[in-house]
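A short write-up of the structure that comes next.
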Amino acid sequence: MTATVTEDQVFAAFCAAGLWPGLGKRAAAELPAAGITTPDDVTADRLLKLPRVGRQRAERLFSSFLSAQPAYEVVGLLVGAGLEAKLAAGVADALGHDAARRLRDDPWTLLALPGVSLGDADRLAIAILPGADRQDSRRGRAIVAQTLRTATRDGHTVLPADLVVAALRAEGITDPAAAVVAAVEGGEVLEHAPPFDPEAEDDEPDPVDGSGQGSLASVRAEGGPGSFQLSLARYGMAEEAVAENVQRLMATAEPIADPVSVRSVSKGLDQAQAAAVGQILTAGVSLLTGGPGTGKSRTVAAVVQLLRKKGAEVALAAPTGRAAKRLEELTDHPAVTVHRLLGAQGTTGGFSRNEEWPLDADVVVVDEASMLDVELTAALLEACPDGTHLLLVGDPAQLPSIGPGHVLGDLIDSAAVPVTELTTLYRQAEGGAIARLATAVRGGDLPPVDSPDREVVVVPASGSGEAARRVVQLVTDSIPRALGIQPSSVQVVTPVHRGPAGTIELNKALKAQLNPGDGTVFGFDVGDRVVATANHLDLEPIGFANGEVGVVTGTGDGSLTVDFSSGPVTVTGNALPDLRHGWAITVHRAQGSEWPGVVVVLPPEAGGMLSRPLVYTALTRAQQHLSIVHASGAALARAVREVDVRPRRTRLARLLAEAVEEG
DNA sequence: TTCTCAGT
C-alpha cells in the first residue's frame, strides 16, 4: 500500500472522478496544460487559459471548485487509503459538509455507502487511524448496521439479535454484545423486546431500563425463541409510526355516509363489493383485497362517485405512476403517485405534506397497496389528519414492495382493521384454464395443466438458451398460427434482465424477427415495441408512466412518437433515455398490466428468486392465452408450494395487534 | 435478483 500520496495525485483523482461541478472530462484533461495541478493553482485567471473558457465560465468554475471542498477532502482520505475517488460523491451526499471530519472520527461510517465492502472500510481505517484494531467498537457498530442494511434488501425490517451476533462472529468480533450495545447507543439501531409469551416459565421479561443491560444479557445468552430483535432505527420507527397512526385514524373516524346513500351507488355491485363501500365510509382505515378481475377498481369507482355526490374531498393515489394513471382512467377522478400526493422533496427523502401541513382530503384511496413499503406508508399516515378515512386497495398475493416491509400483509394478519376480500372472478371466464391455474397458485398448488383448448400451454425447455428460442417461436409463429393472437397482442414476461432468457437478449431476438432494423433513431425504429422505465407525466399531450408499453409510430427531429395505450406521445429530450425495447419485460414491471396473450419465461438462473407471488403475478397478466416456458425444474413447484420461500421479517403485525389490545 | 419514487 502506498504510504504517501502527493497533492498532485489527489487533485488529479478529484478532477478525473467528475467531482468538480461544471468541469467536463475534456476540460479536466486540459488542466495541467493551463498550469493547474494542485488546489493552490486553481484561480479564475488560470482557468481562463483553458480552451473554450471565457471570463464568466472561469469565475463559475472557480466558485464551484470552492464549493466542492468537502468532496476534495474526502478524496484525499480515500486516495490515501488506495480507494476509488469516485466514492467521494456518495460520501459527501451521505455525510454532508463535514464528511471528512466524520470519516476521520469513524472511518467505518464509509460502510454505510452502497458498494463499499468491510475490507474497503478497514483499509480506510488503517490509513486514518494508525494501529486501528479489528475489535474497535466503531467497527463492530458498523457491522451491526451493515448486517441490518443487507437484510433490508430482502425486505426485512428486523432481524433476531442472534443472527446479528452470528454475523459479527463471522467477521471476527470477539464481543458481539458490546458491538450491539454500541450500535444501539449510537442511535442508528433499535432493539425490540421479545413478544410477551404468557406460556413462558418466567413471566418476568428482561428488564429494559435504558442501560442496555437487559438486552446485553439476552445477546450474551445468544437468543433462543424469545430473543431480542434489532432494526435500523429508520425502519423500526417507521413501523411504530404506522401502527400508531392506524390506531389514531381508527379512533378518530366518523361515518361519512348513511346506509341509504351507500345503497344508491351499490346497484352494479355484488354483495361483497357493496359491503366494502359501507366499510370504507365507516372505518378510519380499511382494506379491499382480491385477485385481478374481482372488481376492486369498480368498487373504488363507486365510492368515488358517492363521495363526489356528497361533496367530500377524495384523494386518489398509487405507488407507481402507471397504477395512478389507470386509477384515474377507471374512476374519472384525478389520481397521482403517493410521492406526488405527499409532495416528495427529491433525494433528501422528505415530504412537504406531514403532520404540520396535512392532506386535506376526507377520504384517501391508495390502489396497488401491495407495493407500499413501510417508510412511504408511515409518511402517508402521518400526513392524514384525525378523521381521515384511508382505504388501501391491493392484492396481497402479488409481488411485495421493493422497499422493506410487508405492510399490506401485516395489516391483514394483525386483524387490526376491517378487510373485505373479493373472490368472485368477473374478468376471465371463471372455469377457464388461466383462472383455474391462478387460483391454484394463489392457494399454493401447482396442478398439472389441463387445457385442451390451449388457453394455457406449458412448454418445457432444458436450459435458458432453449427457453429463449421457444419464446421467439411462440410469439412469432405458434401463438398467431394456432390461436389467432397476433404478436402485437402478446407480451413476454421474464423474472430477469440478464442471461439468454432475460429481457435484454429476448428483446434482441424478438426485434430481429418482428421488426428488424438498425435502430437509427435513438436506438429505435418505427414499429419497435418500447417500455417506459421512468415517469414523464408532463409530456404533451398526456405523458407516459414507468412500465407503460407502447409502439414507435414515427420519428422526427430529435423526437419519437410513441403510441401508448393512453394515446400517442411525442417523446423528446431527457425522456428519450427512459425508453427500452418492450417485447420482453420483467415480471416486476408487468405488475398491474394485462395482455391478451402472455408468454411467461422461467429460466433456470431465476430459480433462486422464484416465489409464489412472482409466479402468481406473472401468470395473472394473461387474459386469453398463457404460455409458460418452463426451464426452472423443481424450483417452480417448490416456490409455489411454500407459503413464502423468502418470508419478510417484520414487526408491524405484532405492533398493530398490540395497539388494538391496548386501545 | 427484482428496482417503486422524487427535483435540479
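This is a predicted model, so every value here is computed, not measured. Quick note on labels: first sequence line is chain A, next is B, and so on, each numbered from 1.
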Output the rounded distance in Å from [atom1] ([X]) to [atom2] ([N]).
X	N	atom1	atom2	value
Gln345(A)	dT8(B)	CD	P	9 Å
Asn546(A)	dC3(B)	CG	P	9 Å
Asp373(A)	dC3(B)	CG	P	16 Å

Would you mind telling me which of [options] lies closest to the side-chain atoms of [X]?
X	options	result
Arg340(A)	dC3(B), dC5(B), dA6(B)	dA6(B)
Ala344(A)	dT2(B), dA6(B), dT4(B)	dA6(B)
Met609(A)	dC3(B), dT1(B), dC5(B)	dT1(B)
Val496(A)	dC3(B), dA6(B), dT1(B)	dT1(B)

Checklist entry - Does the pair Lys325(A)/Glu329(A) count as a salt bridge with the N-to-O cut at 4.0 Å? => result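 No, Lys325(A) and Glu329(A) are not salt-bridged.
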
Checklist entry - So, do Gln69(A) and His97(A) sit near enough that their side-chain heavy atoms are less than 4.5 Å apart? => result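 When only atoms from C-beta onward are counted, His97(A) and Gln69(A) do not touch, as no gap falls below 4.5 Å.
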
Checklist entry - Less than 4.5 Å apart, any side-chain heavy atom of Ser370(A) and any of Gln591(A)? => result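 In contact.
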
Checklist entry - Nearest nucleotide by nearest heavy atom, which residue falls closer to the 5' end of DNA chain B, Asp154(A) or Arg589(A)? => result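 The answer here is Asp154(A).
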
Checklist entry - Nearest nucleotide by nearest heavy atom, which residue falls closer to the 5' end of DNA chain B, Val338(A) or Glu605(A)? => result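 By nearest-heavy-atom nucleotide position, the 5'-most residue is Glu605(A).
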
Side-chain N or O of [X] versus OP1/OP2 of [N]: is the shortest distance under 4.0 Å?
X	N	value
Thr533(A)	dC3(B)	no
Thr337(A)	dT4(B)	no
His339(A)	dG7(B)	no

Item to check | Donor on one side chain, acceptor on other, Arg651(A) and Ser231(A), under 3.5 Å | outcome: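 No, because no side-chain N or O of Arg651(A) sits under 3.5 Å from a partner of the opposite role on Ser231(A).
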
Checklist entry - For Gly547(A), which contact category applies under a 4.0 Å heavy-atom criterion: base, sugar-phosphate, or nothing? => result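 Gly547(A): no heavy atom of the nucleic acid under 4.0 Å.
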
